[in-house]
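This chain uses plain numbering: 1 for the first residue, then up along the sequence.
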Amino acid sequence: MRKHATRRWLAGVGVVGVCVVASATPAPAAPASPGASPDVVAAAGFATSANNVTLAPAGPDKTVVLRALGEKLQDSYVITVDYGAIDAFAEVRSPAVPACTRAGTVLTCLAYQEDAPDLLALSVRLRAGARVGQEGRIRFTVTTTASGTSTTASTVLVGEGVDLVAGPAVTLTGGPGATVPVGLSVANRGQETARGVVLLVSAAYGLTPSKRYQNCRYGSKGGLVHFTPNLFACTFDDEIAPGRAFRVDGDFGVTVPRDVSAPNIQPGTATWFTAQDWADAQPSYTLDQQGTGGVLRLEPTGLPVGASRAAQTDVTPADNETAVELTVTGNQRADLAADEVRITAKVGETVPVKIGYTNRGPASSSNGGRDFYTIVKMTVPKGAYAAKVPKNCLDADIQDEEGGRPGARAYLCYQYDVIHKGGKVALPFSFRIDRAGALTGTVELSNGPVGTKDLDPSNDTAKILVNPASGGQGGDDGSLPITGSPTGLVATVGGLLLVAGIGSYLAARRRRSHFVA
């Protein structure tokens, strides 16, 4: 196996708090100014994007990441990077991997299918004498052997440096159904007045916003990872003078859902951006719903001043985040029941099979903290072949990086989405029947990351029965020991959660399960 599955399935463990800052977390291409459009061109179904960056003369380097969009191509990539338009004021550093050759202001690099979706990362720093307002584009041309050519560009802008700093960590306590105020603040520790700020909140299920404000946009799909279903960004036009601080209106708070697991810890983060840094980062997020309530306001502790209108970027974005932690009091858990499966099929026939479970309540499942995710272990009936496998299901014996591989004897499927009482998870498999008679497999449920107990463990296992009437109980389930059992993974995740705490960020794509209301 080329790569171990832990890297993929633990991606997002630290996202119990999302730390997103423009200099550290590259975003897909975004306009440098309102109304501009990313230069993304698709050819033969192949598209790429690259994030924009804004740098300050006294600020840190930024990273431009070239990404392949959509499904990973079974291909290799030749990447041409033309940075001539920014060479007068910015330096582009060659990456260590993949290997690149340089000719003048053009880099030629190679990448391979296992590198996708992030094909290339370039560090960009300003040269001495760079002036606020200078702007240019890095142009990328990506050529593949079978999928055509795609071009895109990243805008590099020289902005005015400011230094926002977030307020201290916030700790909250409340039971299911409680409304809890959240005190957030931001200060200006720099020498220039910050003209307008954006607050991005990314949080677990328990930290559901109590109100939806007109100057905030909310994401129906949640954050960049499964563990942050609450995502919203609020825009403020206030000017924050050097040495001054603002606090969010005292009306701002969260309502703990009535079906959250308890006792539990529900984490989140609040990150402050300059208007320009948010313009660079925003395309990473889907914020598809506008708030309709009142206007969320900032309450100043000093008088706003300043007249400069240049684009602004934060020179120390690492201190722009406030960790938020809610301790949920009470005692309620979910009862997840594995669903029995019965199918009838002839030898040689391939039939669809739904593998999953039902949440019998009263709590929702996979809602964060101790109740982080659910693992469905499915043992394929001996005499059947798993011809179609969901992407979030790994071969249980090897747990390699690629989910969805057919032909394994057993699978571990990881479920991160919140499932409410009465909700079902139905994983879309297909079995090819290779042997006549009654065949038997199993569905087994477990919870992560720290072995949270189900309310009723007696229904956590169910049978998969193929042609049950044709051979009585004579089916052989082929239950051999699974060398890649989830025990070590669960312990690893639990340890990482305890050690890492809130604030680290790893992106992970949404698993493709089929949920039935």
Side-chain angles (χ1 to χ4, degrees), residues 16-21 164-188 194-220 222-223 227-240 244-258 260 265-275 277-278 281-282 285 287-302 304 314 319-329 367-369 502-503:
V16 283
V18 172
C19 174
V20 182
V21 288
L164 300 176
V165 58
V170 174
T171 56
L172 312 169
T173 302
T179 296
V180 184
V182 180
L184 299 175
S185 61
V186 61
N188 184 350
R195 299 175 315 283
V197 292
V198 176
L199 172 64
L200 174 71
V201 176
S202 183
Y205 178 67
L207 294 163
T208 298
S210 300
K211 295 183 179 180
R212 294 194 162 212
Y213 299 93
Q214 295 176 13
N215 56 323
C216 304
R217 293 191 64 85
Y218 300 80
S220 62
F227 322 123
T228 55
N230 289 308
L231 176 76
F232 58 96
C234 302
T235 301
F236 305 95
D237 295 330
D238 305 76
E239 293 187 340
I240 306 177
R244 303 299 184 183
F246 276 46
R247 58 179 174 265
V248 177
D249 190 321
D251 187 49
F252 178 74
V254 297
T255 297
V256 185
R258 292 189 180 278
V260 72
I265 301 293
Q266 294 280 308
T269 55
T271 306
W272 296 92
F273 293 83
T274 69
D277 286 340
W278 176 244
Q282 191 277 326
Y285 304 91
L287 298 170
D288 53 350
Q289 298 177 347
Q290 184 74 45
T292 57
V295 176
L296 182 62
R297 302 187 184 280
L298 293 180
E299 300 174 345
T301 59
D314 201 295
D319 60 10
N320 287 20
E321 180 182 284
T322 294
V324 180
E325 183 179 274
L326 168 68
T327 298
V328 182
T329 58
N367 57 49
I502 299 172

Minimum heavy-atom separation for [X] and [Y], please, with both atom names.
X	Y	value
Thr329	Pro176	O-CD, 3.2 Å
Leu207	Gly268	CD1-N, 3.8 Å
Ile240	Val197	CD1-CG1, 4.0 Å

Is [X] reaching over with its side chain to a backbone N or O of [Y], donor-acceptor style, under 3.5 angstrom?
X	Y	answer
Asn215	Cys234	no
Trp272	Ser185	yes
Asp277	Asp314	yes

Among all residues two or more places apart in sequence or in another chain, which pass the ring pair (Phe, Tyr, Trp, His ring centres under 6.0 Å) test with Tyr213?
->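 Checked Tyr213 against ring pair (Phe, Tyr, Trp, His ring centres under 6.0 Å); zero matches.
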Under the ring pair (Phe, Tyr, Trp, His ring centres under 6.0 Å) test, which residues partner Phe252, sequence neighbours left out?
->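 Phe252 satisfies ring pair (Phe, Tyr, Trp, His ring centres under 6.0 Å) with no other residue.
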Going by heavy atoms in the side chains, are [X] and [Y] under 4.5 Å from each other?
X	Y	result
Trp278	Leu200	yes
Asn188	Phe246	no
Thr173	Leu326	no

Once you round to the nearest 0.5 Å, how far does [atom1] of [X] lie from [atom2] of [Y]?
X	Y	atom1	atom2	result
Leu296	Lys211	CG	NZ	10.0 Å
Leu231	Tyr285	CG	OH	7.5 Å
Thr269	Glu325	OG1	CD	12.5 Å
Glu321	Phe273	CD	CZ	9.0 Å
Asn230	Gln266	CG	CD	9.0 Å

Does [X] have any side chain to side chain donor-acceptor pair (under 3.5 Å) partners at least two apart in sequence or in another chain, and if so, which?
X	result
Ser220	Asp288
Asn367	Ser261, Ser364
Gln214	none
Ser210	Thr255

Could you please spell out the steps behind the side chain to side chain contact (heavy atoms under 4.5 Å, CB included) verdict for Val186 and Val165?
-> CA-CA 6 Å; Val186 61; Val165 58; over 6 Å; no
Could I get the full list of salt bridge (charged side-chain N to carboxylate O under 4.0 Å, His left out) partners for Asp249, not counting sequence neighbours?
->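 Testing Asp249 for salt bridge (charged side-chain N to carboxylate O under 4.0 Å, His left out), a comparison that skips the adjacent residues, returns none.
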What pairs with Arg217 under salt bridge (charged side-chain N to carboxylate O under 4.0 Å, His left out), at least two apart in sequence or on another chain?
->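 Residues passing salt bridge (charged side-chain N to carboxylate O under 4.0 Å, His left out) with Arg217: none at all.
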Qualifying residues under side chain to side chain contact (heavy atoms under 4.5 Å, CB included), relative to [X], sequence neighbours excluded:
X	answer
Arg212	Tyr218, Gln289
Val170	Leu172, Val182, Leu184, Thr322, Val324
Ala275	none

Please test Val254 against Thr208 for side chain to side chain contact (heavy atoms under 4.5 Å, CB included), starting from the C-alpha separation and ending with a verdict.
-> CA-CA 5 Å; Val254 297; Thr208 298; 5.8 Å; no
